[in-house]
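To find a chain, count down the sequence lines: A is the first, B the second, and so on, and within it residues start at 1. The analysis underlying the following values was restricted to heavy atoms, covering all of them including side chains, and did not include hydrogens, waters or symmetry mates. Predicted model, so just to flag it, every value in this text is computed and none were measured.
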Amino acid sequence: AQSVTQLGSHVSVSEGALVLLRCNYSSSVPPYLFWYVQYPNQGLQLLLKYTSAATLVKGINGFEAEFKKSETSFHLTKPSAHMSDAAEYFCAVSGVGRRALTFGSGTRLQVQP
Amino acid sequence: NAGVTQTPKFRILKIGQSMTLQCAQDMNHNYMYWYRQDPGMGLKLIYYSVGAGITDKGEVPNGYNVSRSTTEDFPLRLELAAPSQTSVYFCASSYSEAGGYNEQFFGPGTRLTVL
């Protein structure tokens, strides 16, 4: 069985501040982990993915995430928030032999000027 | 490549009506998926397909049916619409190989309201 928990349904930061979105997972098989972003009235777009290579993964738009097996975490960070980062972010887990993604409930990021 | 396309973008149905949500992909992906997204929730898997002629249920299949007659198309059918089916529906596709990972590509979604 697999599950994803995203702590904080809403996160608000000031422009230029650090962005930290939290994701914890559980998986009975070695996981593949993903962060997707959803802008208003659009579909989901892949930000980055972890597939058992480097534990620090860099994605698009300056985002990165670190896989920590001991903490079962895959938190998303960005050093300096831009107004254009305002969106909903979803963490998802899959695994070898799994045929679909299990999504967290999402975190809505607000960026204040 | 158009990627994953979905039609219609919006639809309002009356209780008991039926409709088909269309999904097509031009990336020659073998796997296709249907998800629904309710407000404040993540995506829940309705049905998926691992290739033409092969489909299987996800977490929330009740009230829906699917078929996969070609690699490209994966329509979702609602037979007797109910208010509980008001949601945003996303189709996705991926190319999966043995030992590989499921990076999924999503369509823009269909917003369905059942009144």
Which atoms of Leu46(A) are under 4.5 Å from chain B, going by heavy atoms: the side chain, the backbone, both sets, or neither?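 When you check distances to chain B, only side chain atoms of Leu46(A) fall under 4.5 Å.
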Using heavy-atom distances under 4.5 Å, tell me whether Gln6(A) contacts chain B through its side chain, its backbone, both, or neither.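 Neither the backbone nor the side chain of Gln6(A) comes within 4.5 Å of chain B.
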Can you tell which part of Gln37(B) gets under 4.5 Å to a heavy atom of chain A, answering side chain, backbone, both or neither?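 Side chain of Gln37(B) only, per the 4.5 Å heavy-atom cut-off to chain A.
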Minimum heavy-atom separation for Thr55(A) to Tyr50(A), with atom names?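 Looking at all heavy atoms of both residues, the shortest contact is CA-CE1, 4.3 Å.
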Tell me the closest heavy-atom pair linking Trp34(B) and Leu21(B), and the distance in Å.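 So the two residues come closest at CZ2-O, 3.6 Å.
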If you draw a 6.0 Å radius around CD1 in Ile12(B), do more than 12 non-hydrogen atoms from other residues or ligands fall strictly inside?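 No - once you tally the heavy atoms of other residues, nucleotides and ligands closer than 6.0 Å, there are 12 at most.
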Using the ring-ring contact (aromatic ring centres under 6.0 Å, His included) criterion, which residues pair with His75(A)? Sequence neighbours excluded.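 With neighbours one apart ignored, the set is empty.
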